[in-house]
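Computed from a predicted structure; not experimentally measured.
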Amino acid sequence: MSRLLAHLNEPQRTAVTLPAEHALILAGAGSGKTRVLITRIAWLISTGQVHPRELLAVTFTNKAAREMTTRLGALLALETRSMWIGTFHGLCNRMLRAHHREAGLVQSFQILDSADQLAVIKRLLRGLGVDDVRFPPRNLQHFINSAKEEGLRASQVETGDDYSRQMAEFYRLYDEQCQREGVVDFAELLLRVDELLARNELLREHYQLRFRHILIDEFQDTNRLQYRLLKRLAGAGSALFAVGDDDQSIYAFRGANVGNMSAFEREFKVPNLIRLEQNYRSHGNILRCANALIANNAHRLGKTLWTDAGHGDQVRIYEAPSDIDEARWLVSRVQALIDEGHARSDIAILYRSNAQSRVLEHALFSAGIAYRVYGGLRFFERAEVKHALAYLRLMENPGDDGAFLRIVNFPPRGIGARTIEALQDAASSTGGGLHDAAGTVAGAGGARLAAFVEMLARLRAESADLDLPASVELVLSASGLNAHYSAEREGQDRLENLRELVNAAASFEADPGRGLSSEDFTALAGGAGQVAGDGGAGAGAETDEAAPAPALSQLAEFLAHASLEAGDNQAADGADALQLMTVHSAKGLEFDAVFVTGLEEGLFPHENSLSENDGLEEERRLMYVAITRARQLLHLSFSQTRMLHGQTRYSLQSRFVGELPPDALKWLSAKGRGAAAGWQGGADAAWEGSGRSTTARYGAQPQRPPAAQADPATRNFDRGIAYRVGQSVTHAKFGEGVILAIEGRGEDARVQVNFGRAGAKWLALSLAKLQAAG
DNA sequence: TCGGTTCAGAGTATT
DNA sequence: TCTGAACCGA
């Protein structure tokens, strides 16, 4: 035990050894948050306070869950299998399989990923004959998911107007359709469990008694439903241990509610609030930047990072004339770091949006520096893999119409749109699924449909005697997928992915404990069956046989695994490579050297965020995350011009640069000229060197594209002024300013003008009476 | 049923 | 500029 605590600092040790009470750990970036969480678990178990099966640890990503399991295994040298460590969705999947009857689901229900869900919605709307311009499927998807993440069913959604009433009605129909087809979307997994525990007292008590310690990582990222679920799981005797950092809350846009942190403290009367503020990652100047920046946010729980590691290098900052030059500069710095002996994989290039990677990649490619871009399609999201999975899903659950439609004519087998239409008519007249109606369609199409369904039945029968990878292999050959991609000119990669799917099935079979452990699952299903049986609380649709549910088939487990874990989202790893990613995907990672690029107004902070509630503060937190990724070296860069949407945009330095302590920065380009003088936002912001006019500022800046030169952004409009970037203009209300950008033409033309005190504004030329000035 | 053309839209993302 | 989706002609 003392070995466990030996290397912890005072607050860390306090957190780890807290009594079995609720606790909120405010853990700053690089303060050893994961370590505390893992050591806490290890301490609880090794001191005999809790049995591993009485523990529940929840994370947001499979990666985090895996890391936790691995590190814990190394620390404890004991079987971690009986512990529940996983994502919210993994946890709920497990519970729903075990209590499918009480939850009103078939045991083999399939899980829809976002793309599957969208397909279901499109199909629903098309079936209803809904105008998809007035009701775009994506909007409905968002509507449904947001509602579910708030814990609301269609009947509970507030409907003030016709539009939302209509959306709520679609939501209701969507749920009905999913229920009919035996499919469940991501949010539904959680909502089902929440509702199940809400109404089934015995089941609730069962879990509340079992989970004496509930630990949750990245608590600032929980949404309302997840928090509600946690409350549901925590009984009178449970201790909730939440670790999070409000300053790193960057997922409000997808429903995360930082307010859960203060709500938790209030509602649970949390007796233990511990701040971890000592940072073990970054040098002092980097932390000073992080602290100074985040201090500009108003709504914080409050925390200041410190280190005893020394100041380290100053933060380098560079202003480039163009995005291409920024990339060129970056390549030269990276090359220098590599020459100094840094591993490429210890260097990260971060950007606000994915579109920025192109210029960077181009420069890196030309320079011959190996790099790896995070993001993009993941393994289980690839079309060929989804096709193969659809066969498997249909074997497992014939009611899955989405899977049916995906593969009924893939590879092509002469079942066209007309046949499908007839099939859909037949199905809707009986109220059943497409699979079951396939025998009733007449004609040549009907015969092909029948053959298809026969093939599925054959696959189902033949795979019964095979293990999982062999079943997958059987499907690949019998379905014609292998043959199809072999014949395709560019099918080699796809074939390889299909082979990889067989491998994935093999390794899943070898180590199912990673997702669902069959043993534990069976035990749970049996035990819970008792619980439900005692109270007669079964709410399931089926009421036959009282025997304990048979264990879920391995195929069903594998399919759930495929939906819940989409696989790596990074390009193939291999050689030591530079890391390129968005700031969002860098969260939780750290590197020796970090480059944060594109620090420009409109890009970072992103212009779209400015119109959102607390959008700017979230952008600032994002910048905080970016800064705190660096261990030794932090580079910041921005560019005066950037190619965006096919047009050159003229940008100002991000306001965030101005929020950093000047003496922590080392300018690698001339500072304080032109755009580099800083964005001055808000009415109360003072101009640096206020004696100068805005005109003079630009006038004094020769490397800015000279206004008179042929500039694609120069346009003449009917008013007779040659509007061009850099032109000084006067506005009746805002006074004198300088044009930063021009967009559109004719009646739609608008210009962005920096008015200094009043900030940068977009004005429609057809409305704003601008006069040439200076 | 396919392939080419046209058009709109372009922010971050896990399960 | 570039991408993905929708659409049309063969």
(request) Map A:His606 and A:Ile415 onto DNA chain B by nearest heavy atom, then report which one ends up closer to the 5' terminus. (result) A:Ile415
(message) Return whichever of A:Leu622 or A:Asp113 has its heavy-atom-nearest nucleotide of DNA chain B closer to the 5' end.
(response) A:Leu622
Give the rounded distance in Å between these two atoms: [atom1] of [X] and [atom2] of [N].
{"X": "A:Arg138", "N": "B:dG11", "atom1": "CZ", "atom2": "P", "value": "12 Å"}
{"X": "A:His484", "N": "B:dC2", "atom1": "NE2", "atom2": "C1'", "value": "12 Å"}
{"X": "A:Tyr251", "N": "B:dA13", "atom1": "OH", "atom2": "C1'", "value": "6 Å"}
{"X": "A:Glu565", "N": "B:dT14", "atom1": "CD", "atom2": "P", "value": "12 Å"}
{"X": "A:Arg413", "N": "B:dC2", "atom1": "CZ", "atom2": "C1'", "value": "18 Å"}
{"X": "A:Arg621", "N": "B:dT12", "atom1": "CZ", "atom2": "P", "value": "18 Å"}
{"X": "A:Leu644", "N": "C:dT3", "atom1": "CG", "atom2": "C1'", "value": "14 Å"}
{"X": "A:Glu607", "N": "B:dT12", "atom1": "CD", "atom2": "C1'", "value": "14 Å"}

(message) For A:Asn397, is there any backbone N or O sitting under 3.5 Å from a side-chain donor or acceptor partner on A:Ser108?
(response)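 Judged by distance alone, no pair lies under 3.5 Å.
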(message) Keeping A:Thr70 on the side-chain end and A:Arg66 on the backbone end, is there a donor-acceptor pair under 3.5 Å?
(response) yes
(request) Please determine if A:Arg621 forms a cation-pi arrangement with A:Tyr624, meaning its NZ or CZ atom is less than 6.0 Å from the six-membered ring centre and no more than 45° off the ring axis. (result)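 Because its charged atom misses either the 6.0 Å distance or the 45° angle limit, A:Arg621 does not stack over A:Tyr624.
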When you get a sec, tell me which of [options] is the closest nucleotide to the side chain of [X]?
{"X": "A:Arg358", "options": "B:dA10, B:dT14, C:dC2", "result": "C:dC2"}
{"X": "A:Asn62", "options": "B:dG11, B:dA13, B:dT15", "result": "B:dT15"}
{"X": "A:Thr87", "options": "B:dT15, B:dT12, B:dA13", "result": "B:dT15"}

(request) Taking the six-membered ring for Trp and the full ring for Phe, Tyr or His, determine whether the centres of A:Phe219 and A:Phe60 are under 6.0 Å apart. (result)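 Distance test on ring centres: not under 6.0 Å, no.
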Whether [X] contacts [N] is assessed here as follows: a side-chain N or O lying under 4.0 Å from the phosphate OP1 or OP2. Is that the case?
{"X": "A:Thr582", "N": "B:dA13", "answer": "yes"}
{"X": "A:Asn409", "N": "B:dT1", "answer": "yes"}
{"X": "A:Asn354", "N": "B:dA10", "answer": "no"}
{"X": "A:Arg254", "N": "B:dT15", "answer": "no"}

(request) Evaluate whether the aromatic ring of A:His584 and the six-membered ring of the B:dA13 base sit under 5.5 Å apart, centre to centre, with an inclination under 30°. (result)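 No; centroid distance or tilt outside limits.
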Within the structure shown, what part of the strands sits under 4.0 Å from [X] by heavy-atom distance: base, sugar-phosphate, or nothing?
{"X": "A:Phe253", "result": "base"}
{"X": "A:Arg352", "result": "base"}
{"X": "A:Asp185", "result": "nothing"}
{"X": "A:Glu612", "result": "base"}
{"X": "A:Glu619", "result": "base"}
{"X": "A:Ser563", "result": "nothing"}

(request) Fit a plane to each ring of A:Tyr485 and A:Phe410, take the angle between them on a 0 to 90° scale, and name the class: parallel (under 30°), tilted (30 to 60°) or perpendicular (over 60°). (result) tilted
(message) Given the structure, check if the side chain of A:Ser114 and the base of B:dT15 hold any donor-acceptor pair shorter than 3.5 Å.
(response)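 Looking at the base of B:dT15, it does pair with a donor or acceptor on the side chain of A:Ser114 (distance under 3.5 Å).
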(message) Roughly how many Å apart are B:dG11 and C:dA6, using the C1' atom of each and rounding to a whole number?
(response) 24 Å
(message) What's the gap between C:dA5 and B:dT12 when it is taken at their P atoms, as a whole Å value?
(response) 16 Å
(request) Could you please spell out the steps behind the side-chain hydrogen bond (donor to acceptor under 3.5 Å, both in side chains) verdict for A:Asn223 and A:Tyr251? (result) CA-CA 9 Å; A:Asn223 62 36; A:Tyr251 286 115; over 6 Å; no
(message) For a side-chain hydrogen bond (donor to acceptor under 3.5 Å, both in side chains) check, start with the C-alpha distance between A:Glu218 and A:Gln220, then their side-chain angles and the critical distance, and finish with the verdict.
(response) CA-CA 5 Å; A:Glu218 305 280 14; A:Gln220 77 283 352; 2.7 Å; yes
